[in-house]
Trainee: 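For reference, the structure I am asking about is given below.
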Amino acid sequence: MINPLVINLVYLLLSLSVLLSFIRLAKGPSLPDRVVALELIATMVVAIIGVHAIDTGVASFLDIAIVLALTAFLAAIGFARFLERGGPRDD
Amino acid sequence: MIGFFANVLLALAWTVLSGNLSVLNMIFGFVLGYGALAILQPGAPILAGYAQRVPRFVIFILFFIRELVKANVKVAFDVLTPPWHMQPGVIAMPLKAKTDLEITMVANLISLTPGTLSLDVSNDRRVLFIHAMFLQDEKSLRDDLHEIERRILQIMR
Amino acid sequence: MTEPDKKIMKDNTVILHTAALALLPLQLLFSVFLLLRGHDEPGGGFIAGLVGAGAVVLYLFAHGVDATRRIIRFDPRDLLGIGLLLGTVSAFPALLRGEPFLTAQWWIFDLAGTEIKLSTVLVFDIGVYFAVVGTILTVVVSLTEAEE
Amino acid sequence: MSTEVALPVFIPLLAGVLSLMLWRSRKWQRRLAILGTGLLLASTLWLLSSTLDQGFVVLQLGGWAAPFGITLVADLLSAVMAVITGLIGFAIALYSLGTIPDRHEKFGYYPLMHLLLAGVAGSFLTGDIFNLFVWFEVMLLASFALLTLGGERAQMEGAIKYVTLNLFSSALFLSAIGLTYGLTGTLNMADLAYKLSQVEHTGMVNVVALMFMISFGIKAAAFPLFFWLPASYHTPQVAVSALFAGLLTKVGVYALYRLFTLVFVGDTGYTHTILLWSAALTMLTGVLGAAAQFEFRRILSFHIVSQIGYIMLGLALYTPLALLGGIFYLVHNIIAKTNLFLISGLTYRLLGSYDLKKLGGVYRERPGIAILFLVSALGLAGIPPLSGFFAKFLVIKAAVEVEAWVAVVVALSVSFMTLYSMIKIWAQVFWKPVPEDVDATRLRSKERDPGMVWLLTPIIGLAALVVLFGVWAEPLYQVSSDAAAQLLNPAGYIEAVLGVTP
Amino acid sequence: METLMAYAIGVLFGCAVYMMLRRSIVKLVIGLIILSNAANLLIFAVSGMTRGAPPLIPEGMQLPEGAIADPLPQALVLTAIVIAFGVLAFSVVLIHRAFEVVETDDLDQMKDTDT
Amino acid sequence: MLYAVLSGFLLAALVPLVHRSAGQFTGWLLALLPAALTVYFASFVPLISGGEVLGQQWTWFPGMDIHLGFTLDGLSLLFALLISFIGTFVLIYAGGYLKGHPDLGRFYIVMLSFMASMLGLVLSDNLVALFVFWELTSITSYLLIGFNHESEKARKCALQGLFVSVIGGFFLLVGIMLLGIYGGSFSIVELLNSSEDWFSAAPLTLLILCILGGTFTKSAQFPFHFWLPNAMAAPTPVSAYLHSATMVKAGVYLMARLNPMFGEEMLWTVMLTLFGGVTMFVGAWLAYTHTDAKKVLAYSTVMALGTLTMLIGIGTEYAMIAFAAFLLGHSLYKGALFMVAGSIDHEAGTKDLTKLGGMRSLMPWTAGAALLAALSLAGVPPLFGFIGKELMLEAVLSAGPLQGLVVALAVVSAMMTAAIAAVVALKPFYGPRVETPKQPHEAPLAMLAGPVVLAAVSLLFGLLPGVPETLLVTAAVTAVAGMPLDFYLSLWHGFNLPLLLSVVGLTGGAILYRYWDRTREPLERLMTRLDRFAPETGYFRALDGIIWLCDWQTRILQNGKMGNYMIVLVMTTVVIVGYTLAAQHGIQFTLDWQDINFYELAIVALLMVTAVYATTTRSRLGAVATMGVLGFMVALIFILFSAPDLGITQVLVETLTVILLVLVLFRLPGFARYSTLFEILRDGFVAVSFGALMTVLILATLDARMFEPISSYFVEAAYPEALGRNIVNVILVDFRSLDTLGELFVLGIAALGVYSMLKLRAEKLND
Amino acid sequence: MIEILVSIFLLSGASLGLLAAIGIIRLPDLLTRMHASTKSGALGTAMIMVGVMLAFMEPVVTFRAFAIIMFIMITSPVAAHVIARAGYFVGVSLWDGTVKDMLKESYDPESHYLRSGFEGMDDDGETDDMDESEDQAR
Ligand code: NA
Ligand code: NA
């Protein structure tokens with residue numbers, strides 16, 4: 001069993017990263033900046049899920065992480081496509 | 001690729017037959033399978049080069065992890081300290097990689113290494129434009145990049 | 001806002017194209033995996049369908065509508081139709097046994113030591129899968145076509 | 001085995017799917033439209049006859065006993081509503097063959113029509129509150145799609161309001177289901193009723209009840225929640241308008257009837273009083289709104305609102321006669337209202353407009369159509385001996401019996417204003433000569449219009465029903481009476497579904 | 001935890017309603033998304049929240065070990081998510097089309113169909 | 001009797017057939033039916049006059065105690081005979097008057113239906129059935145008044161008539177319901193026989209007022225008299241006649257019918273006497289001031305209706321007899337006069353009495369009939385009208401507390417009536433010849449038959465009063481009075497007060513006629529000045545008011561602004577649900593802040609932050625990206641609280657939602673700020689209220705849980721019975737698969753909707 | 001023993017994640033932020049997944065965790081590349097301290113053609129030398 005202190009510390013670090021990333025998302029200033037932040041948040045969520053799987057001992061949670069890792073970047077692709085087709089970057 | 005597939009199948013067969021579903025046993029099965037394929041290789045053209053590729057792949061992974069850690073430390077230092085040490089810029093890197101897959105692999109692995117980010121490929125696919133964070137020593141950076149490309153191509157070709 | 005037909009920057013390149021091509025089979029395979037084991041572990045037709053559709057959407061973004069239509073071969077509406085039909089039809093076999101609509105029918109047999117479980121539930125889930133893929137593709141393909 | 005209670009859901013689902021898969025062939029879609037709705041009508045009649053025999057027809061889907069699985073259950077009210085669904089569906093299918101433009105057929109009109117009917121039938125027959133939500137959504141989304149089919153400006157403007165306000169309603173509905181499950185841990189309506197009948201009345205039950213009431217009130221277009229309806233119902237193809245007018249809001253009313261006779265009956269003094277005020281104001285605002293309109297379908301749309309009030313009044317008064325009258329009114333109103341929309345499409349076909357100012361001369365040129373209109377319109381206004389009269393008579397008599405004078409006065413005023421509107425249409429569209437700047441060649445043409453038979457058949461059929469339910473109202477009265485008796489005695493329903501006697 | 005969720009859900013509902021009251025149709029979409037999330041979370045929260053015990057039956061067993069989270073609200077929410085997604089897909093395109101046809105994003109300008 | 005009533009409707013349905021084959025003889029042919037009915041009803045005369053009451057009952061609507069019950073007693077027999085007898089001549093007359101009119105066929109249809117309805121009305125025993133026929137007469141008369149429907153005036157007049165009688169009908173309906181509820185039956189016979197046990201329990205005042213609301217409007221009692229002359233504006237004197245002689249008498253009929261029930265009630269007698277008397281006077285007065293022949297006759301009808309009502313109200317023996325006699329007399333002469341007026345109009349091209357004169361030699365038969373009818377109207381012996389008037393004057397002298405007023409009104413009315421009679425029937429035919437738009441000829445046979453026969457009957461009955469008395473009047477009086485009365489009709493009652501009053505009336509009438517030209521105009525001017533106090537002005541004001549109210553309400557409520565609609569919806573929810581919660585449950589709940597991990601707090605906090613940020617940001621795509629984050633946070637909550645399937649779904653759906661938004665928003669403009677500060681504050685308030693409500697609701701529900709959830713069953717049955725280990729999935733695809741099936745269809749429909757929205761338009765643009 | 005290993009992996013992974021977040025907040029322009037976020041984030045997550053593998057020590061879990069690492073390693077550079085180039089081409093401004101931009105010089109904004117500088121040479125051109133010459137040419 002992993003020391004709960006470690007687990008909690010990891011949770012703390014990861015939730016802190018999510019919060020910080022959201023600040024970038026909110027601040028922008030450009031659309032790509034926000035998208036990068038969103039990407040990072042998605043990655044951090046994957047990490048949180050991993051930790052949660054260890055925390056609870058339920059491996060099934062990893063399936064969510066797999067799906068997230070496999071598909072979350074689609075949003076970024078969508079945003080990039082938006083920019084490529086002439087969508088405003090400062091919106 | 002076929003070789004790898006065969007190797008995985010062999011590993012699986014080993015785990016099932018041995019009735020022990022642990023990770024270690026699977027790795028053991030993979031190693032056994034690799035040995036079998038390495039022996040088989042001269043007689044089976046379809047496996048050509050597989051025996052060489054696996055150690056190269058393992059070596060590459062280790063190399064890549066080293067690069068990763070090295071670059072991460074560099075970036076981390078700059079991010080965490082108030083003054084900026086970085087000298088970012090976009091450079092052009094001529095490619096030895098030719099096929100789409102090769103170019104993509106090279107570009108992505110370069111992207112994965114902190115401090116470098118693949119921006120785009122020229123229309124004739126011969127130059128990769130890279131955004132780099134630390135252009136203080138461009139020469140060694142280029143050497144590192146070429147080294148990565150070389151090792152990738154070694155595995156893929 | 002710029003005219004949609006006027007290019008504003010360099011087209012997407014080899015990297016995304018190749019990545020999409022490489023990811024497509026991976027994602028589709030994974031989606032089928034999610035579909036088949038959904039009854040026992042997280043997954044199921046809906047989740048699998050979303051993953052599968054995501055794969056095609058990625059391909060669509062990288063390669064465009066025409067190329068996507070070529071690889072999926074079916075019209076998205078046909079996929080949708082097949083899905084809904086499978087879902088609906090799976091309600092009926094129960095009637096043959098004099099059981100209420102939607103009563104699950106199981107056919108379990110042994111195949112070389114592995115237990116194979118076929119059921120109307122699986123048919124239903126496959127229907128879900130196709131319907132979801134069909135839905136998302138219909139929407140996204142129509143939208144991108146409308147854009148072009 | 002009570003297969004008949006599931007058929008009205010599965011037949012249109014299957015028809016919808018097949019129609020969708022046949023998107024390449026308009027011809028087959030058209031054949032399927034008739035076949036599917038015809039079978040639907042037949043199955044609902046079967047269901048009605050079973051319900052008349054047995055009182056309740058219950059099917060535990062998937063073989064899972066209530067309250068765990070989803071139960072389909074028909075009492076007389078449900079069965080009657082199902083029959084009406086089949087009837088209206090069949091009529092609309094016939095009418096659609098003659099009116100729906102090729103392009104709409106090509107882009108999914110028929111599948112949407114079938115699926116809308118499936119949603120409506122599902123809502124009427126389900127015995128599970130969450131399943132009801134699902135069917136509401138099926139119906140709602142089909143209606144969204146039908147409403148926007150064609151993509152005209154007015155359709156888009158109307159649809160945005162329709163969609164937004166209905167989605168708010170759905171969110172409330174969903175939240176109310178969540179709260180209900182939190183409170184009671186069950187979703188089966190009979191089980192809910194059973195459980196709530198066991199506990200002392202608490203305020204939270206009323207709170208949840210009111211959330212349901214507001215949500216259904218929005219769907220039913222009750223005061224003050226009806227705005228989406230007049231903003232949108234006149235914008236799509238007339239067959240679609242007619243289908244909506246006949247069935248959609250009635251599903252909301254049905255849901256009110258179901259929940260507020262079966263589940264939330266612990267404090268009728270509170271809940272039904274609110275319903276009463278809403279009913280009165282619904283009647284009044286709807287009818288006043290209609291009087292301000294000069295467009296055929298807009299007038300009719302506002303009247304939907306006011307007549308919803310009538311039907312709600314039946315529930316609000318909550319006496320045997322009132323419920324009976326409400327159900328009678330419901331049936332009558334669906335038939336008459338649908339037919340009026342269909343007729344508006346007929347005059348549109350002849351003169352190319354829904355604007356009263358641009359219509360006229362139909363009585364002179366086509367007296368037959370005029371009579372069909374007059375029968376339906378006077379039926380709607382409650383002129384004897386048409387169906388609407390007895391409907392009105394029953395509801396108002398129920399109000400007089402309990403001395404709900406406000407309701408009586410409002411109901412009568414509304415009845416008057418309805419007549420006013422119908423007569424306005426009659427005078428403008430039928431009596432008035434054709435306005436000079438209107439092209440009436442089609443109206444005056446003596447040539448046979450081959451498509452006309454698709455329009456006239458359902459109109460004549462429905463008009464005949466308006467007359468029939470007036471001059472021979474006894475069968476409908478008996479059925480409504482039995483249905484009302486079932487509603488007032490929820491124990492029967494609970495026992496039929498759960499097999500326990502509360 | 002449910003207490004905290006109640007507050008969060010209230011905030012979501014409030015934000016959703018606020019966005020649905022804006023005149024810009026684009027904001028409407030955001031409102032609808034938040035609204036459906038709020039309703040889903042409500043179902044999830046109000047029927048009780050359990051940590052780390054997903055409703056899965058381990059291989060080789062007939063029943064789960066120990067108490068597990070209530071699976072029924074999860075199934076309901078899942079259905080609701082999917083329905084909300086369908087509805088949203090439709091609404092988004094509707095708004096897109098409405099803007100093209102009416103040529104404004106101001107909802108207050110879209111009142112031809114009322115009186 | 002059912003068949004007698006139905007035969008009218010049946011024949012109406014057959015008219016197109018008859019009309020096609022019989023051509024211009026249709027009228028004669030169709031008249032065979034009322035003629036046959038006259039004979040049919042006449043065959044009952046011996047029986048009824050012998051004091052019998054015939055009853056027949058057909059089951060119609062047993063559940064509601066509504067039957068097709070028919071009663072034939074003296075009163076209904078009298079009406080039935082009048083309807084069918086006069087109807088015979090009307091149909092014949094119409095064939096001549098409307099010869100060649102394109103809508104003649106339709107006219108016959110409506111006319112026959114009207115007649116049948118009228119018969120049904122007077123024969124029905126069941127009050128609801130009576131009401132059914134009552135409303136049918138309203139509708140058919142609407143169609144008759146608006147016969148010339150391409151004229152706007154005709155449409156308006158028809159509308160007025162309909163509205164007044166329908167509103168009255170509502171009152172009657174409520175009255176009937178009250179009778180049914182408190183009296184326990186809708187059958188008039190049963191109600192009359194059940195004595196007055198139930199009176200004490202019933203809201204009698206309301207009941208009487210409701211019934212009178214119906215009868216007064218239908219019978220054009222003051223102040224509802226205005227619609228009747230307008231109905232005369234209808235083009236055919238025939239239909240106008242019908243309104244004079246029959247439909248308007250439906251109200252009188254009903255009052256007479258119910259008189260035995262309410263005759264003892266003060267309210268009933270006073271209302272009837274007072275309103276009847278005033279109506280009588282107003283009718284006579286207005287008739288005197290008008291010049292249009294049909295209007296004059298119409299107002300004189302108002303006068304007659306007032307008289308009849310008043311007589312019922314007075315309720316004495318004499319009044320009852322007077323009622324029956326006056327009714328019979330009036331129907332005969334008024335019928336004749338209307339047809340004469342129609343003939344004049346038809347032949348001379350005008351019905352303005354100031355522009356008519358000296359046509360006696362050109363239309364001798366018409367003139368003769370007119371003279372006889374007018375004398376009857378004026379109440380000159382030996383015509384039957386005289387008997388009616390004598391009896392009326394005799395009755396008013398015993399009118400109880402209102403005697404003075406009533407007598408005065410009666411005498412003045414009698415004078416004016418005499419003058420009117422002269423103006424209508426003498427002036428066009430006698431005196432100097434006045435040039436008319438058309439050169440008049442004698443009317444054709446079809447148009448002569450009616451006036452001549454009716455006028456002749458008036459004379460005949462006057463000369464032989466015993467005939468109508470024994471055949472018709474006695475039984476009718478018995479029915480109205482509720483008991484047999486002993487009396488006989490005669491021209492000569494000796495020198496008494498009524499005779500004196502009669503002479504005064506006739507003399508006064510002669511004087512008024514003499515100075516008609518000079519007195520009429522000032523009176524008319526006076527009336528014009530009084531117009532704004534006239535009830536008709538009130539009617540128009542009310543109508544305008546309603547329309548204004550409608551417009552106003554619609555502008556306010558249905559204002560097209562969706563924001564306002566939403567606010568109403570949301571605030572309705574907040575107020576009603578919030579009030580209920582506060583009042584019935586109380587704002588009470590336990591807050592549990594202990595049970596929260598800090599990272600959960602962070603996630604939930606970020607969830608709230610994302611929502612708030614998305615609502616406040618100016619960046620549209622920022623909001624979209626934020627929706628992604630919001631979705632992830634929701635997914636995390638699902639995951640942390642044991643819902644992996646939900647987590648996956650949420651993540652996937654959120655990603656696809658973002659993609660969808662990005663695809664769509666490409667063409668849409670950025671976030672616009674349209675709102676003023678006030679609107680922002682207002683909306684903010686609404687939003688906060690709603691959010692607060694939902695929070696409180698959740699908290700309250702968490703405390704109020706009553707039962708354990710049913711889901712333990714799913715847990716237990718998932719693997720053993722449904723063979724699945726993911727219980728959520730088992731619920732979705734097995735236990736509750738119908739939900740999932742429906743949900744699938746939601747998706748499919750959404751796709752179809754999107755597809756058609758995008759593609760149909762694209763295809764349109766391509767064309 | 002294994003617990004300590006797991007803890008180390010978890011903590012370093014989480015720290016990398018935090019590093020990425022701080023980087024994304026602190027760094028001055030889009031491209032430099034991406035250096036921090038994509039790689040550190042991906043690596044951090046990968047390390048946590050290694051921790052997961054070690055913590056469970058079950059083949060199925062190992063396989064899943066490995067799949068997650070693989071997928072992240074495939075998708076995150078692709079996403080980074082796509083966003084970076086999109087941001088670059090639509091003109092997101094670069095940090096003032098940027099020392100060189102060879103792409104800008106090779107790009108023709110009219111035709112959207114990106115030159116390599118090897119146009120007209122055959123495939124076997126001496127690339128190593130070209131490196132030097134190109135650097136000097138610019
Ligand atoms: Na599902
Ligand atoms: Na959602």
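Every chain is numbered from 1 and lettered A, B, ... according to where its sequence line falls, protein lines coming before strand lines. Basis for what follows: all heavy atoms, side chains included, without hydrogens, waters or symmetry-related copies.
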Trainee: Working to the nearest 0.5 Å, report the span between CG of E/Leu78 and OG1 of F/Thr740.
Mentor: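 It comes to 8.0 Å.
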Trainee: Are any non-hydrogen side-chain atoms of F/Arg667 and E/Phe99 less than 4.5 angstrom apart?
Mentor: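 No, their side chains stay 4.5 Å or more apart.
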Trainee: Does E/Phe13 form a side chain to side chain contact (heavy atoms under 4.5 Å, CB included) with F/Val570? I'd like the steps, not just the answer.
Mentor: CA-CA 11 Å; E/Phe13 269 116; F/Val570 174; over 6 Å; no
Trainee: Could you look at F/Pro709 and say if it's the side chain, the backbone, both or neither that has a heavy atom under 4.5 Å from chain E?
Mentor: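 Looking at F/Pro709, just its side chain touches chain E.
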Trainee: Please evaluate residues E/Val82 and F/Val746 with respect to the criterion side chain to side chain contact (heavy atoms under 4.5 Å, CB included), reporting the C-alpha separation (whole Å), side-chain torsions for both, the decisive distance (0.1 Å), and the verdict.
Mentor: CA-CA 9 Å; E/Val82 179; F/Val746 169; over 6 Å; no
Trainee: Quick check: do F/Leu758 and E/His96 have side-chain heavy atoms less than 4.5 Å from each other?
Mentor: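 They are in contact (side-chain heavy atoms under 4.5 Å apart), so the answer is yes.
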Trainee: Shortest non-hydrogen contact from E/Leu41 to F/Phe638?
Mentor: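 E/Leu41 and F/Phe638 have their closest heavy atoms at CD2-CE2, 4.0 Å.
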Trainee: With the side chain counted from C-beta on, respond yes when E/Leu42 and F/Leu697 share a heavy-atom pair under 4.5 Å apart, and no when they do not.
Mentor: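 They are not in side-chain contact.
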Trainee: Just do the side chain to side chain contact (heavy atoms under 4.5 Å, CB included) check on F/Asp683 and E/Val17 with the steps written out, would you?
Mentor: CA-CA 8 Å; F/Asp683 297 349; E/Val17 164; over 6 Å; no
Trainee: Show the nearest heavy-atom pair for residues F/Glu716 and E/Leu63, with the distance to one decimal.
Mentor: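 Closest pair (atom of F/Glu716, atom of E/Leu63, distance): CA-CD2, 3.6 Å.
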Trainee: Sort F/Ile710 into side chain, backbone, both or neither according to what part of it lies under 4.5 angstrom from a heavy atom of chain E.
Mentor: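 Looking at F/Ile710, just its side chain touches chain E.
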Trainee: Can you say whether E/Ile83 sits under 4.5 Å from chain F via the side chain, the backbone, both, or neither, judging by heavy atoms?
Mentor: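 For E/Ile83, the contact with chain F is made by backbone and side chain together.
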Trainee: Can you tell me which portion of F/Asn597 sits under 4.5 Å from chain E's heavy atoms? Options are side chain, backbone, both or neither.
Mentor: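 Both parts, backbone and side chain.
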Trainee: Looking at CE of E/Met19 and CE of F/Met566, how far apart are the two atoms once the value is rounded to the nearest 0.5 Å?
Mentor: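 E/Met19 CE to F/Met566 CE: 12.5 Å, rounded to 0.5 Å.
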Trainee: Decide if atom CZ of F/Phe598 counts as having more than 12 heavy atoms of other residues, nucleotides or ligands within a radius under 6.0 Å.
Mentor: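 Counting other residues, nucleotides and ligands, CZ of F/Phe598 exceeds 12 neighbours.
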Trainee: If we define contacts as heavy-atom pairs under 4.5 Å, which of E/Val26, E/Val46, E/Leu88, E/Leu4 has the most with chain F?
Mentor: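 Greatest number of close heavy-atom pairs with chain F: E/Leu4.
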Trainee: Would you mind checking which part of E/Ile95 comes under 4.5 Å of any heavy atom in chain F, side chain (CB onward), backbone (N, CA, C, O), both or neither?
Mentor: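 Its backbone and side chain both get close to chain F.
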Trainee: Counting only non-hydrogen atoms closer than 4.5 Å, does E/Leu28 touch chain F with its backbone (N, CA, C, O), its side chain (CB onward), both, or neither?
Mentor: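 For E/Leu28, side-chain heavy atoms alone lie under 4.5 Å from chain F.
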Trainee: Provide the closest heavy-atom pair for E/Ile30 versus F/Ala623 in the form atom of the first, atom of the second, distance.
Mentor: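 The pair with the smallest heavy-atom distance is CD1-CB, 4.0 Å.
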Trainee: Between E/Ile9 and F/Thr695, does a side chain to side chain contact (heavy atoms under 4.5 Å, CB included) hold up when you go through it step by step?
Mentor: CA-CA 7 Å; E/Ile9 294 165; F/Thr695 298; 6.0 Å; no
Trainee: At a heavy-atom distance under 4.5 Å, which candidate from F/Thr701, F/Leu744, F/Asn729, F/Val634 has the highest pair count against chain E?
Mentor: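 Heavy-atom pairs under 4.5 Å are most numerous for F/Val634.
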Trainee: Taking the side chain as C-beta and beyond, is there a heavy-atom pair between E/Arg22 and F/Ile680 under 4.5 Å?
Mentor: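 Result yes, sub-4.5 Å side-chain heavy-atom pair found.
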Trainee: Pick whichever of F/Asp739, F/Val715, F/Asn564 has the most heavy-atom pairs under 4.5 Å with chain E.
Mentor: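 Of F/Asp739, F/Val715, F/Asn564, F/Val715 has the most heavy-atom pairs under 4.5 Å with chain E.
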Trainee: Could you tell me if the side chain of F/Leu668 sits less than 4.5 Å from the side chain of E/Asp105, heavy atoms only?
Mentor: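 E/Asp105 does not reach F/Leu668 side chain to side chain.
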Trainee: Using 0.5 Å steps for rounding, measure from the OG1 atom of F/Thr657 to the CG atom of E/Leu32.
Mentor: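 Separation between the atoms: 11.5 Å.
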Trainee: Would a 4.5 Å heavy-atom cut-off, applied to side chains only, mark E/Asn37 and F/Glu654 as touching?
Mentor: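 Yes; the side chains approach each other to less than 4.5 Å.
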Trainee: Regarding F/Gln650 and E/Asn40, is there a side-chain donor-to-acceptor distance under 3.5 Å anywhere?
Mentor: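 Result is no, nothing qualifies.
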Trainee: Please classify the contact between E/Pro73 and chain F as side chain, backbone, both or neither, with a heavy-atom cut-off of under 4.5 Å.
Mentor: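 E/Pro73 has no heavy atom closer than 4.5 Å to chain F.
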Trainee: At their closest point, which heavy atom of E/Leu12 faces which heavy atom of F/Ala611, and how far apart are they?
Mentor: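 Closest approach of E/Leu12 to F/Ala611: CD2-CB, 3.3 Å.
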Trainee: Non-hydrogen atoms of chain F under 4.5 Å away: do they reach the side chain of E/Ser47, the backbone, both or neither?
Mentor: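 Both backbone and side chain.
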Trainee: Between E/Asp70 and F/Ser711, is there a side-chain donor-acceptor contact under 3.5 Å, judged purely by atom types and distance?
Mentor: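 Short answer, yes.
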Trainee: Of all heavy-atom pairs between E/Phe44 and F/Phe641, which one has the smallest distance, and what is that distance?
Mentor: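 Nearest heavy atoms, E/Phe44 then F/Phe641: CZ-O, 3.4 Å.
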Trainee: Can you say whether E/Arg97 sits under 4.5 Å from chain F via the side chain, the backbone, both, or neither, judging by heavy atoms?
Mentor: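 For E/Arg97, side-chain heavy atoms alone lie under 4.5 Å from chain F.
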Trainee: With a 4.0 Å cut-off, would you call E/Asp106 and F/Lys561 a salt bridge?
Mentor: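 Answer for the salt bridge query: no.
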Trainee: Is there a donor-acceptor pair closer than 3.5 Å between any side-chain N or O of F/Ser642 and the backbone N or O of E/Thr50?
Mentor: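 Indeed, once roles are kept as given, a pair shorter than 3.5 Å links the two residues.
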Trainee: What heavy-atom pair brings E/Arg51 and F/Ile596 nearest, and what distance separates the two atoms?
Mentor: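 So the two residues come closest at NH2-CA, 4.1 Å.
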Trainee: Which atoms of F/Leu607 are under 4.5 Å from chain E, going by heavy atoms: the side chain, the backbone, both sets, or neither?
Mentor: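 Both backbone and side chain.
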Trainee: Report yes if the side chains of F/Tyr674 and E/Asp108 come closer than 4.5 Å at any heavy-atom pair, otherwise no.
Mentor: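 The answer is no, as the side chains (C-beta and beyond) never meet within the 4.5 Å cut-off.
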Trainee: With only heavy atoms counted, which part of E/Val29 is less than 4.5 Å from chain F, the side chain, the backbone, both or neither?
Mentor: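 E/Val29 touches chain F through side-chain heavy atoms alone.
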Trainee: At a heavy-atom separation under 4.5 Å, does E/Glu59 approach chain F through its side chain, its backbone, both, or neither?
Mentor: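 Answer is both: backbone and side chain atoms of E/Glu59 are under 4.5 Å from chain F.
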Trainee: When only pairs under 4.5 Å are counted, which of F/Ala692, F/Gly670, F/Gly691 shares the most heavy-atom pairs with chain E?
Mentor: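 Ranked by heavy-atom pairs under 4.5 Å with chain E, first place is F/Gly691.
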Trainee: Measure distances from F/Arg682 to the heavy atoms of chain E and classify the residue's part below 4.5 Å as side chain, backbone, both or neither.
Mentor: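 Nothing of F/Arg682, per the 4.5 Å heavy-atom cut-off to chain E.
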Trainee: Do F/Ser675 and E/Arg23 pair up side chain to side chain, a donor and an acceptor below 3.5 Å, judged on atom types alone?
Mentor: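 Short answer, no.
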Trainee: Measure F/Leu693 against the heavy atoms of chain E and call it side chain, backbone, both or neither at under 4.5 Å.
Mentor: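 Answer is neither: F/Leu693 stays 4.5 Å or more from chain E.
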Trainee: Does any non-hydrogen side-chain atom of E/Pro55 lie less than 4.5 Å from one of F/Phe714?
Mentor: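 No, too far: nothing below the 4.5 Å cut-off.
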